[in-house]
Amino acid sequence: MSCDLPDVTPVGVRLPAEPASAGAARRFLTSTLRDWSTPPEVIEVAALLVSEITGNAVRHGRGQISVTARRRAGLIRVEVNDAGRAPLPAPRRAAPEAESGRGLWLVETLATRWGSDISADSGKDVWFELDAANGSGP
């Protein structure tokens, strides 16, 4: 796969703060990345990670959620925004029998890079990047 993937105009979707939005974010991102001829293994990882981050925004954020995808310099960057400002997300160690608590660990493990930012006017962004030219991850 070539590393010379062209930059594309960012695309996004706004979603309500409800559990079904994680699936809607996954479908939106999968469709977008297919349109961009992204390798299937990158699409799989991106769909998993956007589900986790969107689910966290529904559970811990505030207000409507927006999901934005962009591709530049061979990277896919996905940002999930909600109106909440705190707390910033951090991976935690879940107990083996716990049914949740592993989402950010997956993001940290599978993404090339990830992070979160507070914006004075738009709340909190949680983002991840994947190498779209050579598969996903570091």
TODO: Applying side-chain contact (heavy atoms from CB on, under 4.5 Å), run through V67 and L15 and close with a yes or a no.
DONE: CA-CA 8 Å; V67 179; L15 302 167; 4.1 Å; yes
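- Under the side-chain hydrogen bond (donor to acceptor under 3.5 Å, both in side chains) criterion, R113 pairs with E129, not counting sequence neighbours.
- The main-chain N or O of V126 is never found under 3.5 Å from a side-chain atom of S116 such that the two would form a donor-acceptor pair.
- What you find for A132 and I76 is that their closest heavy atoms are CB-CG1, 3.4 Å.
- Remark: of the listed residues I118, N81, I53, N81 is the sole one forming a side-chain contact (heavy atoms from CB on, under 4.5 Å) with D125.
- Pairs engaging residues 17-33 under the side chain to side chain donor-acceptor pair (under 3.5 Å) rule: R26-S51 [sequence neighbours left out].
- In terms of heavy atoms, K124 sits closest to H60 at NZ-O, 4.4 Å.
- At a threshold of 4.5 Å between side-chain heavy atoms, the hydrophobic network of Ile, Leu, Val, Met, Phe, Trp and Tyr places L106 and V58 in one connected group.
- No single ILVMFWY cluster, assembled from side-chain heavy atoms under 4.5 Å apart, contains both L29 and W127.
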- [ ] List the steps and the verdict of side-chain contact (heavy atoms from CB on, under 4.5 Å) for F128 and V80.
- [x] CA-CA 9 Å; F128 65 87; V80 176; 5.9 Å; no
TODO: With side-chain contact (heavy atoms from CB on, under 4.5 Å) as the test, would you mind laying out the steps for L49 and V78 before giving the verdict?
DONE: CA-CA 9 Å; L49 300 185; V78 178; over 6 Å; no
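- Separating the CG atom in L130 from the CH2 atom in W114 is a distance of 13.5 Å, to the nearest 0.5 Å.
- With hydrogens and angles ignored, the 3.5 Å screen pairs a side-chain donor or acceptor of R71 with a backbone N or O of W36.
- Between the T112 side chain and the D131 main chain, a donor and an acceptor come within less than 3.5 Å of each other.
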Open item on the list: Between R62 and D82, is the salt bridge (charged side-chain N to carboxylate O under 4.0 Å, His left out) condition met? List the steps.
Closed with: CA-CA 6 Å; R62 289 187 31 223; D82 69 77; over 6 Å; no
TODO: Before giving the answer on side-chain contact (heavy atoms from CB on, under 4.5 Å), spell out for R70 and V8 the whole-Å C-alpha distance, their side-chain angles and the decisive distance to 0.1 Å.
DONE: CA-CA 6 Å; R70 51 179 50 87; V8 295; 5.7 Å; no
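- Nearest approach of A25 to T54, heavy atoms of both residues: CB-OG1, 3.5 Å.
- A pairwise comparison of heavy atoms in G63 and A17 identifies O-CB, 3.2 Å as the closest pair.
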